[in-house]
Amino acid sequence: MQSLTAFAFDVRHHILQNGLTDAELFEYIFGGGNTLLALSFVVNIVLAGLTILGIVYLGRSLTDPRSKAIAIALMLISVVSISSYTGLTSGLTLSIIEMPADHPAAGSTTAGEDGVLVMWGRYLTWTFSTPFILIALGMIAGSNWTKILTTCAFTIAMCVTGLAAALTTSSLALRWWWFVLSSTFFLVIVYVILVDWTREAERTGTADLFTTLKILTVVGWFGYPILWALGVEGFALLDVAITSWGYSILDIITKYIVTFVAIFYVANEPASITGGADYGSTLSESSPADD
């Protein structure tokens, strides 16, 4: 608990040490010739909004409680995304952070400040949206809630340690150690999706759908650590705008496209998806005792 508290205060320190206000960061993004970077945020706000409307429309006739639960999990992915990307657009979840002395981007300046632009708000998106992706995938595969919640815990750990990697400025080695730790948690999730849930989907009868979803999800998710390593937070081979667009494209694939593939299937309420009227009940129905 002490280490977790210390980490929270360290995150707060790094975020608040930024010398620019939200308004100044907003002006830098939208008024400083950074159109490409700005569009990487705005496009996702639009797509997340359209995805929410699409789920509402396609799910309007759902009657089965299990189908509804999957649709709600899918919707919450975009609810989180539209909120988080609004934070990035406003400058609220952006910071300029100085990298360690031996980092490739050490000595860089951004908007007149020493350091590089870190989009730490993206980690909020992933922390709160990826659990809903896994809930939807797990339910479609027919997995049990113990396994689903375990993957959710690992994905939260993955995102939090990824945030630590992005914000650590004391040591380049520690940045990469956080990255390795985050990647290890990621591989646990990948194993569950590719092995356990694939096997369960075959038993459930959703193997065709799940195969499509797992390919889109797993291939897309492998792109995130690769971008981190190549981007300004890692080896700094890609600039901030290109890195941001890379993340945005991966979000489009693993969130909105995955959502529409799933909701089109769920909306028809096939037998492999429906759970019956008692799905989710904690007590079975019983008739009242005779007087």
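Residues take their numbers from the sequence shown, with the count starting at 1.
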**Q** Which atom pair, heavy atoms only, marks the closest approach of S40 to S244?
**A** OG-OG, 2.7 Å
**Q** Does S84 reach the main-chain N or O of G121 with its side chain, forming a donor-acceptor pair under 3.5 Å?
**A** yes
**Q** Give a yes or no on whether F128 and L149 share a hydrophobic cluster (residues Ile, Leu, Val, Met, Phe, Trp, Tyr; joining criterion: side-chain heavy atoms under 4.5 Å apart).
**A** yes
**Q** Minimum heavy-atom separation for A164 and T168, please, with both atom names.
**A** O-OG1, 2.6 Å
**Q** Under a plain distance cut-off of 3.5 Å, with no hydrogens placed, do Y265 and S272 share a side-chain donor-acceptor pair?
**A** yes
**Q** Would you say the side-chain atoms of T110 pair up with the backbone N or O of G115, donor to acceptor, closer than 3.5 Å?
**A** yes
**Q** Give the intermediate values and the outcome of side-chain contact (heavy atoms from CB on, under 4.5 Å) for residues M75 and V56.
**A** CA-CA 8 Å; M75 181 184 291; V56 171; 3.5 Å; yes
**Q** What pairs meet the salt bridge (charged side-chain N to carboxylate O under 4.0 Å, His left out) rule with one or both residues in residues 76-94, with sequence neighbours excluded?
**A** none
**Q** Taking the side chain from S171 and the backbone from A173, do they hold a donor-acceptor pair closer than 3.5 Å?
**A** yes
**Q** So, taking the atom named OG in S78 and the one named CZ in F260, what distance separates them when rounded to the nearest 0.5 Å?
**A** 7.5 Å
**Q** What are the two closest non-hydrogen atoms of L227 and Y247, and how far apart are they?
**A** CD1-N, 3.4 Å
**Q** Once side chain to side chain donor-acceptor pair (under 3.5 Å) is applied, do any residues pair with T198, and if so which ones, sequence neighbours excluded?
**A** K214
**Q** Under a 4.5 Å cut-off applied to non-hydrogen side-chain atoms, are P131 and I156 in contact?
**A** yes
**Q** If a pair satisfies ring-ring contact (aromatic ring centres under 6.0 Å, His included) and one of its residues is in residues 21-45, list it, with sequence neighbours excluded.
**A** F26-F30
**Q** Can you tell me how far OG1 of T169 sits from CG of L174, rounded to the nearest 0.5 angstrom?
**A** 10.0 Å
**Q** Please step through side-chain contact (heavy atoms from CB on, under 4.5 Å) for the pair L37 and M119, ending with a clear verdict.
**A** CA-CA 11 Å; L37 179 59; M119 300 167 284; 4.2 Å; yes
**Q** Using the salt bridge (charged side-chain N to carboxylate O under 4.0 Å, His left out) rule, collect all pairs that involve residues 61-78, keeping only residues at least two apart or in two chains.
**A** none
**Q** Among all residues two or more places apart in sequence or in another chain, which pass the side chain to side chain donor-acceptor pair (under 3.5 Å) test with T155?
**A** T130
**Q** Just wondering, are more than 12 heavy atoms of other shown residues or ligands nearer than 6.0 Å to CH2 in W245?
**A** yes
**Q** If you define the side chain from C-beta out and look only at heavy atoms, does anything of I29 sit under 4.5 Å from T89?
**A** no
**Q** What distance do I45 atom CD1 and L39 atom CG have between them, rounded to the nearest 0.5 Å?
**A** 11.0 Å
**Q** Are the side chains of L134 and I193 in touch, meaning some heavy atoms are under 4.5 Å apart?
**A** yes
**Q** Could you walk me through whether T161 and T184 pass the side-chain contact (heavy atoms from CB on, under 4.5 Å) check?
**A** CA-CA 10 Å; T161 49; T184 301; over 6 Å; no
**Q** Please give me the minimum heavy-atom distance between A73 and I135, naming the atom from each residue.
**A** CB-CG2, 4.0 Å
**Q** Using the test salt bridge (Lys or Arg N to Asp or Glu O under 4.0 Å), find all partners of D114 that sit at least two apart in sequence or belong to another chain.
**A** none
**Q** How would you list all residue pairs meeting salt bridge (charged side-chain N to carboxylate O under 4.0 Å, His left out) that involve residues 241-258, not counting sequence neighbours?
**A** R122-D251, D251-K255
**Q** What pairs with Y191 under ring-ring contact (aromatic ring centres under 6.0 Å, His included), at least two apart in sequence or on another chain?
**A** none
**Q** Look at the side-chain heavy atoms of Ile, Leu, Val, Met, Phe, Trp and Tyr, link any pair under 4.5 Å apart, and say whether L194 and L187 land in one connected group.
**A** yes
**Q** I would like to know whether E27 and T21 meet side-chain contact (heavy atoms from CB on, under 4.5 Å); could you show each step before the answer?
**A** CA-CA 10 Å; E27 179 63 25; T21 64; over 6 Å; no
**Q** Which heavy atom in I253 sits nearest to a heavy atom in I257, and how many Å separate them?
**A** O-CB, 3.5 Å
**Q** Kindly give the heavy-atom pair with the smallest separation between V79 and I82, and that separation in Å.
**A** O-CG2, 3.3 Å
**Q** Do T127 and L124 make a side-chain contact, defined as non-hydrogen atoms from C-beta onward lying under 4.5 Å apart?
**A** no
**Q** As a test of understanding, state which of I55, T254, T125, T259 forms a side chain to side chain contact (heavy atoms under 4.5 Å, CB included) with I77.
**A** T259
**Q** Without placing hydrogens or testing angles, list every side-chain donor-acceptor pair under 3.5 Å for residues 229-240, not counting sequence neighbours.
**A**
residue: E233; atom: OE1; partner: Y123; partner atom: OH; Å: 3.3
residue: E233; atom: OE1; partner: W228; partner atom: NE1; Å: 3.3
residue: E233; atom: OE2; partner: Y123; partner atom: OH; Å: 3.2
residue: D239; atom: OD1; partner: A241; partner atom: N; Å: 3.3
residue: D239; atom: OD1; partner: I242; partner atom: N; Å: 2.8

**Q** Side-chain contact, heavy-atom cut-off 4.5 Å: F186 with Y224?
**A** no
**Q** Ignoring hydrogens and angles, tell me if any N or O in the side chain of W120 forms a donor-acceptor pair with the backbone of A166 under 3.5 Å.
**A** no
**Q** Extract all donor-acceptor atom pairs below 3.5 Å that involve side chains of residues 203-210 and protein atoms in other chains or at least two apart in sequence.
**A**
residue: T204; atom: OG1; partner: A141; partner atom: O; Å: 2.8
residue: T204; atom: OG1; partner: E200; partner atom: O; Å: 2.8
residue: T206; atom: OG1; partner: I140; partner atom: O; Å: 2.7

**Q** Do any pairs count as a salt bridge (charged side-chain N to carboxylate O under 4.0 Å, His left out) and have a residue in residues 30-59, sequence neighbours left out, and if so which ones?
**A** none
**Q** OG of S95 to CG of L25: how many Å apart, nearest 0.5 Å?
**A** 7.0 Å
**Q** Kindly assign one of parallel, tilted or perpendicular to the pair W176 and F179, based on the angle between their ring planes and the thresholds 30° and 60°.
**A** perpendicular
**Q** I'd like to know if the side chain of S182 and the backbone of M158 have a donor-acceptor N/O pair within less than 3.5 Å.
**A** yes
**Q** Please examine the side chains of I52 and Y256, heavy atoms only from C-beta on, and report whether any two atoms are closer than 4.5 Å.
**A** no
**Q** Measuring only between side-chain heavy atoms, which start at C-beta, is L163 closer than 4.5 Å to W126?
**A** no
**Q** Calculate, to the nearest 0.5 Å, the distance between atoms OG and CH2 belonging to S143 and W145 respectively.
**A** 9.5 Å
**Q** Less than 4.5 Å apart, any side-chain heavy atom of I189 and any of W221?
**A** yes
**Q** Could you state the interatomic distance from CG (L137) to OG1 (T151), rounded to the nearest 0.5 Å?
**A** 8.5 Å
**Q** Please check if L250 and I226 belong to a single hydrophobic cluster, counting links between Ile, Leu, Val, Met, Phe, Trp and Tyr side chain heavy atoms closer than 4.5 Å.
**A** yes
**Q** What do you reckon, is CZ of F154 surrounded by more than 12 foreign heavy atoms closer than 6.0 Å?
**A** no
**Q** Sequence neighbours excluded, which residues qualify as side chain to side chain donor-acceptor pair (under 3.5 Å) partners of E269?
**A** T63
